[in-house]
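Every chain is numbered from 1 and lettered A, B, ... according to where its sequence line falls, protein lines coming before strand lines.
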Amino acid sequence: MDINGKYTFNAQPEQVWGVMLNPENLRDALPGCDRLAEQAPGQYEAVMKIGIAAVKGTYKGKVEIADAEEPVHYTLRGEGSGAPGFMKGSAVIELQKSDTGTDVVYKGTMEVGGLVAGVGQRMISGVVKMMLKQFFQNMSKKMPQQTN
Amino acid sequence: MKPSKFEYNAPTSLQEAVEILENNEEAKALAGGQSLIPMMNFRLAQPGALVDLNNIPGLDYIREEDGSLVIGGLTRIREVETSELVRAKCPILSEATGFIGHLPNRNRGTVGGSVAHADPSAELPTVLTALDAQIRTFGASGEKSFQPQEFFLSYLTTPLESSDLVTEIRVPLPATHAKGAFMEISRRRGDFAIVAVAVLLEIDENNVCTNARISLGGVSDTPLRVEEAEELLEGETLTEELLRKASAFSAEIADPESDYHATAEYRRNMAQVYTLRTLKKALGMEEEGSK
Amino acid sequence: MKSKMEAWVGKKMERREDARFLTGRGKFLDDMRLPGMKHAAILRSPHAHAKISSIDFSAALELSGVIDVVTGEDIKAMSNPFPCGVNVPTEYYSCAVDRVRYVGEPVAVAVAENRYIAEDALDQIIVEYDVLEPVMDIEKAVSPDAPVLHDNIGSNIYAHRDFQYGDFEDAVRQSDITVEGRYYFNKFGSTPLETYVVIGSYNPFTEEFEVYSNYQGPFVNHSLVCIALGVPENKMRWIIPTDIGGGFGNKTGLYPYAALMSLVAKKTGMTVKWNEDRREHLLASATGTDRVTYIKAYLSKEGKILGLKDKVMDSPGGYIRPPEPGCSFRSTGNHTGCYQIENLDRDVSVVATNKGLTAPNRGYGCGHLYFSLESIVDKAARKLGMDPAEIRMKNFIQPDQFPYMTATGGIYDSGDYPKTLQLGLDMIKYDEMRAFQEEARKQGRLVGIGLATVIDPSVTNIAYVTLAKRPEDRKEKPKSGSGESMLVKIDPLGTVHVIACTNPQGQGHETVICQIVADELGVIPGDVTVHNVVDTHQRVFTITTGSYSSRFASVGTTALVKALRKLKKKILVLAADMIGASEDELEFAENKVRVKADPKRAVALRHVAGRAHWDHGGLPDGVEPALYASVVYSMPTSKAPDEDDKVNSSNTYGFTGEAIVVEIDRNTGEIKFHKWASFHDAGTILNPPIVEGQVMGSIAHAIGSTLYEELAYNENGQCLTASFQDYLVPTAMEIPRVEIGHVESPSPFTALGSKGCGEASTESTPAAIANAITDALSPLGIEITELPISPSKLWHMIQEAENSN
């Protein structure tokens, strides 16, 4: 599944970079993230409770930030597995300065396997989109207020 | 395909149900169980406790009250479908419920359960969105009331807090001369809609449309009202050409996903085709083409 | 003279089985409770292709009620891989060892006090996988840079054969026109109401396995399971209950679980039951193969088909297991369908992909075959400007040509194809429908008429499986046969028992057996008791035993008639002696043996039985006590393939066709059926409602496979249709009204002239629907070449065609 999109923050690329790569913010913004423990710079062990409404599964896995070039782009990778199966995704995230702030353009792929893939294909892509939106909205709350 | 362990509660009052839900964040309310139980059997949902609402008296009713059709949350879908009152006062609601699953699903499934589940392809949320119904809930923080657009937020997502239960749906009665229709395209009869369309039109004695409501299911993360189309039709005499123009807005507003059964492009186009067909059906106009 | 009693065979007799089914008194395996029985649940791979790096089930063992967890490592230590009739080395165990090759492959088995706890245990098992790239596309699987599933094979090719029949090069030279195409036939299953159930146990003192399961046969797999378990056949007793809730070929793929639960029982020391759930069923029981076919037909300008060239690629999924690669070879004898086509060039590959495993599936390989053959015949008709009915009539084998030997070795027994097609055309009022189509087209409507005419082969001759090997490789141990066993006995007071081994799954064998016995012995069906279970220790069975390839109506009934006639000979000896008449004067009627010319001279059947049972000393010389007869009968036409790869791959061949009128909604791609005639020549009809039920069921099954059902995988190998929410089995609402018509050309090869009919319309329907839709969309130049068809896909095709104009 391809995940492509854009989200606009009302903040400068440097600010956006600072907020989005902060592990604490990452934990708070990732929907369902219970635990995010840094193992090495940019590498985290994660426990996520992912799902919607009553449909939830616990996934243990890794989150990794790689190929970081501040404040231009980085790659966000994540994978986790649990009883409902596994999820694995990777996206290149680019920060582009715009008139009103910063466009965060993401381009990547996501793979969902096991139970959820087999019985939930009707909603998967929509729900992934919804969670991405949540992620960015959560991050947006972390952004500093524009002062100018 | 067996559910994981759960505690089973069978409260006999709403208050008691809310208390259990309030005190146990693992608890889920069980009404007809037509979505929850399959999800539990797949272990997609593993609630630590169930609060079975079926023993609570007084939540199962259909009546007319202050110009509204008032339906209790525990009312079975099939009762709505076959209710003489619903057929007489709001036939589109009866028509729409006929598309929900299969007969055994409708015999058990409840109005409150379907609404609370908030599946964007489901028929009830779609038709209630067209009807401007009011969704009433009760929970630890008291009674609340929502318009459909405030209630259906995204896939299976509503503003309900964990102890809130959908207790009642209030459907403002359409004008007696209103014309309604509900249509859907699905792979098989009884499947989730690829596209569902609910249409309600009021036409005055001068043949002018005074009120138009069109909602779509299956083409976004919530049911959608096609407001641009409604605006276009209101105040006009409804010609085939105008209906076509209005239907085009459905394709514009639709934001569907592709899945195995149908592409997003197909869904978007079917939103348009079926909006036109449903409008024409409501108006009793001749079906076009090969249907 | 007394009028001849009316025959029971051919009568619309109600099914004897139905009362017990309809009142919940069927004896299905899930009803069985054995003392101390525990329950198993199977952990399955979420990956299509991965190495298993570790399995940690310690947390599962800590749960209260969990007895043990068994993994692939245990299975490998305790068993052998299943043998398979291909030339490459295969390593298929009942549980994944080291590596998984499809989503849903068993990885571990948890045994617990009940199924709930067993599933709790699965949630606690942690498996680390090292994910590998999957191969999902049949054609890509054979490309040199594709990941290889089985390192010991070294490529993804399980089997490959080239065949030439007749003088193909000459046919090419003689031909005036050619048509060709590529066709994709989808992967789908049967979804019987009852899924797999296995109860395994092991007696450590006798070192004997005992397995109960709803396996449908063939019992060649008893031998294979024994080889896998590493025990002689008398140490593995396999018992099948009376009632099975549907099979359709799907349950031929059950046997790996018979081995798995045997081993789990041995390891845990418990009697263990496993009941497959629907998700397991869709992911991992058995489906038909998907197939890519490249086909080219060579015709004269008059429309005679002179030659056919095809290249076929089948995939039995992540592993090949018997009876695969039968998918590719089972239809060899009837490869040319109902046509006189003498010259063929074939190229057949059986390839590995990371999909679920396969088994025979109603019409084994024939739906695949006829989708390409009947599509190309229509395409030829379009090119020649001929009517599709006319081109078929022109190429049909004619009624005076039977028995007819096909180019590939099939021996067609009987049939009147032109008459049967004409019946179908008349049923839909073909000419009127063509006129209606023309009118509708003028209004811009998309109306189409589709035909498909096919040969439905029944009673598999297992010889076909050996075609996977070259003649020199299969010389050593030839294989052939279609044997069926029947035992008939009469009690001391005269009641009749038939002890059958046909293992039915709802086909109504009991009813038809009673009808046949009633006619042969002059009794009424109610006097007959039928016992139909397979028990490998107690019943006479052979490798072909089981119900599949519509065997019962042909070989099952023939074996029964032979057993009855053997028994009748003995009865006649006794009765002649008792009446004082000669044997050839006698007949069986009204529960008596009597003199045909003087019916008052008679002896009651029960008195004959009484004499055989109660007066051993008074029996004539050479007559054994008691009354019974046993027969194991194989069709004499079941021979091993010859050196030219010709094989009579089945034993009776029915003719079947569909004539369908459809209309496609130009704006939505929705499909509407205006008319449907299903026409058959399946020889003598034994019980009309049973045949009609089979025809309607076949059509519903194939409407499913053509328009709704697919085991669909994404590029990562995830199955997208692993529940009934997405694997769309049609309901009554999706099935149109169908008119069914019959011609009866009795088979000279079976005792009653009957043939199989349980699979016929699954073979013709996909092609017929596709041809109808292609015809409807022909003004837009659209051809249906891939299944399944959906409104969304049709709409996109229509859009593309309209936009390119």
Side chain, backbone, both or neither: which part of P791(C) has a heavy atom under 4.5 Å from chain B? both
State the CD1-CG distance between I185(B) and D665(C), to the nearest 0.5 angstrom. 8.0 Å
L728(C) to H261(B) - nearest heavy-atom pair and separation: CD1-CE1, 3.5 Å
Hey, what's the ring geometry for H796(C) with Y266(B), parallel, tilted or perpendicular (30° and 60° as the breaks)? tilted
Interchain contact, R267(B) with chain C, by part (heavy-atom threshold 4.5 Å): neither
Could you grab the distance from atom OG1 of T731(C) to atom CZ of R189(B), nearest 0.5 Å is fine? 9.5 Å
Atom group of Y713(C) that falls short of 4.5 Å from chain B, counting heavy atoms: neither
Looking at R187(B) and D726(C), would you say the former's side chain and the latter's main chain have a donor-acceptor pair under 3.5 Å? no
Nearest-0.5 Å distance, OG of residue S723(C) to CG of residue L44(B): 9.5 Å
What distance do K793(C) atom NZ and T263(B) atom OG1 have between them, rounded to the nearest 0.5 Å? 11.5 Å
Step through the shown structure and confirm whether more than 12 heavy atoms of other residues, nucleotides or ligands are within 6.0 Å of CD on E802(C). yes
L707(C), part contacting chain B, at a heavy-atom distance under 4.5 Å: backbone
With a 4.5 Å cut-off on heavy-atom pairs, point out which of Q272(B), K5(B), R43(B), H102(B) contacts chain C the most. R43(B)
Would one find more than 12 heavy atoms of other residues, nucleotides or ligands at under 6.0 Å from atom NZ of K675(C)? yes
Do N275(C) and M1(B) come within less than 4.5 Å of each other through their side chains, counting heavy atoms only? no
For the candidates R115(C), Q799(C), R278(C), E280(C), which exhibits the highest count of non-hydrogen atom pairs separated by less than 4.5 Å from chain B? R115(C)
Quick one: what part of E265(B) sits under 4.5 Å from any heavy atom of chain C, side chain, backbone, both or neither? both
Interchain contact, N714(C) with chain B, by part (heavy-atom threshold 4.5 Å): neither
Over all atoms of both residues, closest heavy-atom pair of S792(C) and A262(B): OG-CA, 3.4 Å
Counting only non-hydrogen atoms closer than 4.5 Å, does P38(B) touch chain C with its backbone (N, CA, C, O), its side chain (CB onward), both, or neither? neither
One option among V447(C), L720(C), D120(C) has the most heavy-atom pairs under 4.5 Å with chain B, and it is D120(C)
Does CD in Q443(C) sit with more than 12 non-hydrogen atoms of other residues, nucleotides or ligands closer than 6.0 Å? yes
Which pair of non-hydrogen atoms, one from K2(B) and one from E119(C), has the smallest distance, and what is that distance? N-OE1, 2.8 Å
I'd like to know if the side chain of R188(B) and the backbone of M733(C) have a donor-acceptor N/O pair within less than 3.5 Å. no
